[in-house]
Undergrad: 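Before anything else, here's the structure in question.
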Amino acid sequence: MMTAFIVFTLAAIGTYLIRLSGIFFLGDGEKLPPRVRKALSLVAPAAMAAIIANALFLDGGQWRDFGAWHIAALVAVGVALWKRSMGWTLVAGAGAFAALLIAGL
């Protein structure tokens, strides 16, 4: 039976090979049309937004009640607009969420 370590290792290797195949087949990306390059640059932010929206609004397939998740998200959005820094946004959002959980929300 496979352990979790082996499963995660195989998943990491598979992900890495998929990335290498893109580099191998597409080269440095200069051959791609500008519209395709622009679309590819938006894939990661779109995927992250989908993951965040799912975690923020749903809990086990049910709508999540307003609470610490939403307040921490508002704090993170405010810091993101203010600082324009991913690092500060992550620190502020995680810190706000932790403080709210400790406070009992």
Side-chain angles (χ1 to χ4, degrees):
M1 180 175 265
M2 296 178 67
T3 65
F5 177 76
I6 294 172
V7 171
F8 283 112
T9 302
L10 291 175
I13 291 169
T15 301
Y16 185 71
L17 290 175
I18 290 170
R19 288 182 183 210
L20 283 180
S21 69
I23 294 169
F24 177 74
F25 289 120
L26 301 176
D28 59 3
E30 294 297 323
K31 300 174 191 172
L32 297 173
R35 290 181 69 179
V36 173
R37 277 187 278 158
K38 177 67 175 173
L40 289 174
S41 72
L42 297 175
V43 169
M48 183 60 79
I51 292 168
I52 290 170
N54 187 35
L56 187 60
F57 296 116
L58 296 176
D59 183 18
Q62 301 296 319
W63 288 105
R64 185 183 296 277
D65 292 332
F66 185 81
W69 286 84
H70 303 95
I71 297 168
L74 290 173
V75 168
V77 167
V79 171
L81 293 173
W82 174 44
K83 288 290 197 180
R84 303 277 186 205
S85 165
M86 185 183 303
W88 281 113
T89 301
L90 292 171
V91 167
F97 187 65
L100 289 165
L101 288 181
I102 291 170
L105 287 176

Undergrad: Would you give the length of the straight line joining atom CH2 of Trp63 to atom CZ of Phe57, rounded to the nearest 0.5 angstrom?
TA: 7.0 Å

Undergrad: Under 4.5 Å between side-chain heavy atoms, counting indirect links through other Ile/Leu/Val/Met/Phe/Trp/Tyr residues: same cluster for Leu42 and Val36 or not?
TA: no

Undergrad: Please round to the nearest 0.5 Å and tell me the distance separating atom CZ of Phe8 and atom OG1 of Thr15.
TA: 11.5 Å

Undergrad: Heavy atoms only: give me the nearest Val79-Ala92 pair and the separation to one decimal.
TA: CG2-CB, 3.5 Å

Undergrad: So does Tyr16 have more than 12 non-hydrogen atoms from other groups sitting under 6.0 Å from OH?
TA: no

Undergrad: For Thr89 and Ala76, work out which heavy atoms get closest and say how close.
TA: CG2-O, 3.5 Å

Undergrad: Would you find more than 12 non-hydrogen atoms of other residues, nucleotides or ligands less than 6.0 Å from Asp65 atom CG?
TA: no

Undergrad: Taking all heavy atoms of Trp69 and all of Leu56, pick out the closest pair and write down the distance.
TA: O-CD1, 3.5 Å

Undergrad: Quick one: do Leu74 and His70 satisfy side-chain contact (heavy atoms from CB on, under 4.5 Å)? Show the steps, please.
TA: CA-CA 6 Å; Leu74 290 173; His70 303 95; 5.6 Å; no

Undergrad: Would a single hydrophobic cluster contain both Leu81 and Trp88, if residues Ile, Leu, Val, Met, Phe, Trp and Tyr are joined by side-chain heavy-atom contacts under 4.5 Å?
TA: no

